[in-house]
Amino acid sequence: MKKILFVGSMYDQKISVLKEAKKMGLFVALMGNDYPSWGSKYIDLYIKSNNYDTFEALEILDNLNLKFDGVVTFWDRDVELTSKIAAHFDLPGCPVKAATIMRNKYLTRKVITKYKIPNIPYKLITDLSTLNSAIKEIGYPAVIKPVSASSSKGIFKISSEKDIDEVKEKIIKTITPEKDKMFLYNKGKFIFEQFITGQEYSVESVIQNGNINIIGITEKITNNQFEEVQHTHPAPIDKNNEKQIKETVKKVLKAIGADNCTTHTEIKLTKEGPRIVEVNGRMGGDYINTDLVPLARGINIVRATLQVSLNESIRDAISPKFNKGASVRFIIPSHAGTIKSWKIDKELFGKKEFVKIHKDKKVGEKVLFPPNAFHDTRAGYLIAKNSTAEKAKKNAQEFVDKYVRIDMYD
């Protein structure tokens with residue numbers, strides 16, 4: 001029986017990756033800060049570890065006296081650690097240098113510039129007192145974000161001079177390790193870059209032994225807080241734009257040196273062509289790869305990700321079986337507060353396009369909006385499928401609007 005090490009404690013919505021590992025007949029070990037009791041029947045060994053301390057994590061594994069066949073993560077925060085574990089134990093994995101670049105938005109921008117791939121103006125901020133000089137250089141509108149955060153955490157838009165003091169105050173109050181340990185990475189470092197307009201997409205890729213396999217492109221809808229509201233796969237996009245996006249992503253991944261990993265690249269299609277937003281050295285979340293891609297194309301990226309870490313063939317897992325569409329719509333209350341009631345019309349469950357609905361937050365639980373909390377606006381989600389992506393997108397939107405209601409305490 002092959003043994004695989006999962007790096008990161010995860011959360012219950014990632015249970016499908018553990019289930020897939022057991023379907024493959026793998027011995028599953030998981031190392032992280034907290035034991036995920038929700039996945040206990042899929043975990044053969046839990047290893048208590050402070051994954052924010054690379055030396056400690058490697059020392060624990062050295063003393064474990066257990067040989068693993070592969071190591072994998074589905075968390076941004078553990079991408080670098082996973083690459084270092086792979087290198088330390090001579091396992092298939094993303095090169096450490098590439099993983100480091102993908103975990104640092106500033107380093108990613110530097111690589112894009114170095115290899116003459118179309119980029120956007122940017123500047124590294126290590127002291128907020130230098131923000132004004134960066135604004136003079138880049139101009140308005142612009143965004144500032146931590147170089148190593150994820151899930152749209154800590155992103156602020158600066159549209160004019162009147163926003164500067166307010167944004168500084170929000171950064172000081174909210175971008176702290178006490179609020180989220182994610183901000184420990186490259187603490188105090190931000191990237192300031194030109195705000196670009198255009199439709200946003202994500203590109204899912206599986207890379208093995210130097211071969212970059214573009215699995216597909218997902219359309220993303222975001223709100224004013226840069227949080228994602230809906231994903232649709234495959235993206236309704238014309239062939240020329242699809243080609244440009246795929247070519248750009250391949251160039252960037254090759255320039256970074258990404259290999260033996262799954263990547264999730266976010267990109268905007270501007271009037272001047274595709275522009276990279278960020279590159280992530282792990283499988284995309286938000287049900288894109290666990291639900292939408294399998295429903296729309298019959299592709300199993302979760303299995304392919306595990307197979308890459310084990311140096312097994314991914315040919316069957318990444319081969320499309322059909323061409324349909326799927327979409328996830330996140331259920332977001334009208335305002336922050338405490339949930340008073342959920343109301344779901346039973347008619348929803350009779351719709352053939354309906355796949356599932358899930359309550360992330362129950363009655364009595366709080367919903368917080370940025371900057372008080374990041375990535376906490378979602379009360380749940382709904383997934384729909386149909387013969388085309390456009391139809392699935394419309395279904396998901398209409399189902400949430402027509403059949404789902406959340407009442408909040410004032």
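- The pair Lys170-Glu166 counts as a salt bridge, with a side-chain nitrogen and a carboxylate oxygen less than 4.0 angstrom apart.
- Residue Val71 comes nearest to Ala86 through the heavy atom pair CG1-CB, 3.8 Å, listed as atom of the first residue, atom of the second, then distance.
- Arg282 pairs in a side chain to side chain donor-acceptor pair (under 3.5 Å) with only one of the listed residues (Thr262, Thr73, Asp76), which is Asp76.
- Of the possible donor and acceptor atoms, none in the side chain of Ser49 sits under 3.5 Å from a partner among the backbone N and O of Gly32.
- Under the 3.5 Å distance criterion, the side-chain polar atoms of Asn386 are left unmatched by any main-chain donor or acceptor of Gly325.
- Taking each heavy atom of Ile267 and Pro274 in turn, the nearest pair found is CD1-CB, 3.6 Å.
- Between Tyr35 and Tyr46, the ring planes lie perpendicular to each other; the angle is over 60°, past the 30° to 60° tilted range.
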Distance-only donor-acceptor pairs under 3.5 Å for side chains of residues 350-359, two or more places apart:
unit_1 : atom_1 : unit_2 : atom_2 : d
Lys356 : NZ     : Asp291 : OD2    : 2.8
His358 : ND1    : Asp360 : OD1    : 2.9

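- The pair Lys220-Glu200 does not meet the salt-bridge criterion, since no charged nitrogen lies less than 4.0 angstrom from a carboxylate oxygen.
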* Go through Ser202 and Glu266 one step at a time and tell me if the side chain to side chain donor-acceptor pair (under 3.5 Å) criterion holds. => CA-CA 4 Å; Ser202 69; Glu266 296 181 358; over 6 Å; no
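- Screening residues 339-348 for side-chain hydrogen bond (donor to acceptor under 3.5 Å, both in side chains), with sequence neighbours left out, gives Ser341-Asp407, Lys343-Asp407, Glu347-Tyr403.
- In this structure, Ala235 and Thr218 approach most closely via the heavy-atom pair CB-C, 3.9 Å.
- Listed by chain and number, the residues in a side-chain hydrogen bond (donor to acceptor under 3.5 Å, both in side chains) with Ser129 are Asp127 (sequence neighbours excluded).
- Checking Thr222 against Glu228 by side-chain atom types alone, no donor-acceptor pair falls below 3.5 Å.
- Among residues two or more places apart in sequence or in another chain, the salt bridge (charged side-chain N to carboxylate O under 4.0 Å, His left out) test is passed with Asp69 by none.
- A salt bridge links Lys2 with Glu312: the distance from a Lys NZ or Arg NE/NH1/NH2 to an Asp or Glu carboxylate oxygen falls below 4.0 Å.
- Taking 4.0 Å as the cut-off between side-chain N and carboxylate O, Lys84 and Asp78 do not count as a salt-bridged pair.
- Pairs of residues two or more places apart, or lying in two chains, that qualify as salt bridge (charged side-chain N to carboxylate O under 4.0 Å, His left out) and include a residue from residues 37-61 are Lys22-Asp44.
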Under the criterion side-chain contact (heavy atoms from CB on, under 4.5 Å), I'd like the reasoning laid out for Asn260 against Asn209: C-alpha separation, chi angles, the key distance, then a yes or no. CA-CA 6 Å; Asn260 292 317; Asn209 300 326; 3.4 Å; yes
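- Minimum interatomic distance between His264 and Gly284 (heavy atoms only, all atoms of both residues): ND1-CA, 3.4 Å.
- In this view, Val367 and Pro333, Ile339, Lys361, Phe369, Met408 satisfy the side-chain contact (heavy atoms from CB on, under 4.5 Å) rule, not counting sequence neighbours.
- Judged as a salt bridge (charged side-chain N to carboxylate O under 4.0 Å, His left out), and not counting sequence neighbours, the contacts of Arg109 are Glu193.
- The salt bridge (charged side-chain N to carboxylate O under 4.0 Å, His left out) pairs that include a residue from residues 203-216 number zero, where partners must be two or more places apart or lie in different chains.
- Every residue meeting the side-chain contact (heavy atoms from CB on, under 4.5 Å) condition with Ala389, not counting sequence neighbours, appears here in chain and number order: Thr232, Pro234, Pro236.
- Ring to ring, Tyr381 and Tyr287 are close: their centroids are under 6.0 angstrom apart.
- Here the closest heavy-atom approach between residue Lys14 and residue Phe74 is recorded as NZ-O, 3.8 Å.
- Using a distance-only test at 3.5 Å, with no hydrogens or angles considered, no donor-acceptor pair links the side chain of Asn104 to the main chain of Val147.
- Considering only residues two or more places apart in sequence or on other chains, Lys385 meets the side-chain hydrogen bond (donor to acceptor under 3.5 Å, both in side chains) condition with none of them.
- Taking each heavy atom of Thr263 and Gly281 in turn, the nearest pair found is CG2-CA, 4.4 Å.
- Checked against salt bridge (charged side-chain N to carboxylate O under 4.0 Å, His left out), Lys391 has no partners two or more places apart in sequence or in another chain.
- Salt bridge Lys251/Glu247: absent, no basic N to carboxylate O contact under 4.0 Å.
- For the pair Lys157 and Phe192, the cation-pi test (distance below 6.0 Å, angle within 45°) is failed.
- At least one donor-acceptor pair under 3.5 Å links the side chain of Thr270 to the backbone N or O of Glu272.
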Practice item. For the pair Val229 and Arg329, evaluate side-chain contact (heavy atoms from CB on, under 4.5 Å) and give the outcome as yes or no after the intermediate values. Key: CA-CA 6 Å; Val229 176; Arg329 182 78 175 186; 3.7 Å; yes
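- Scanning for side-chain contact (heavy atoms from CB on, under 4.5 Å) contacts around Lys324 gives Phe322, with sequence neighbours left out.
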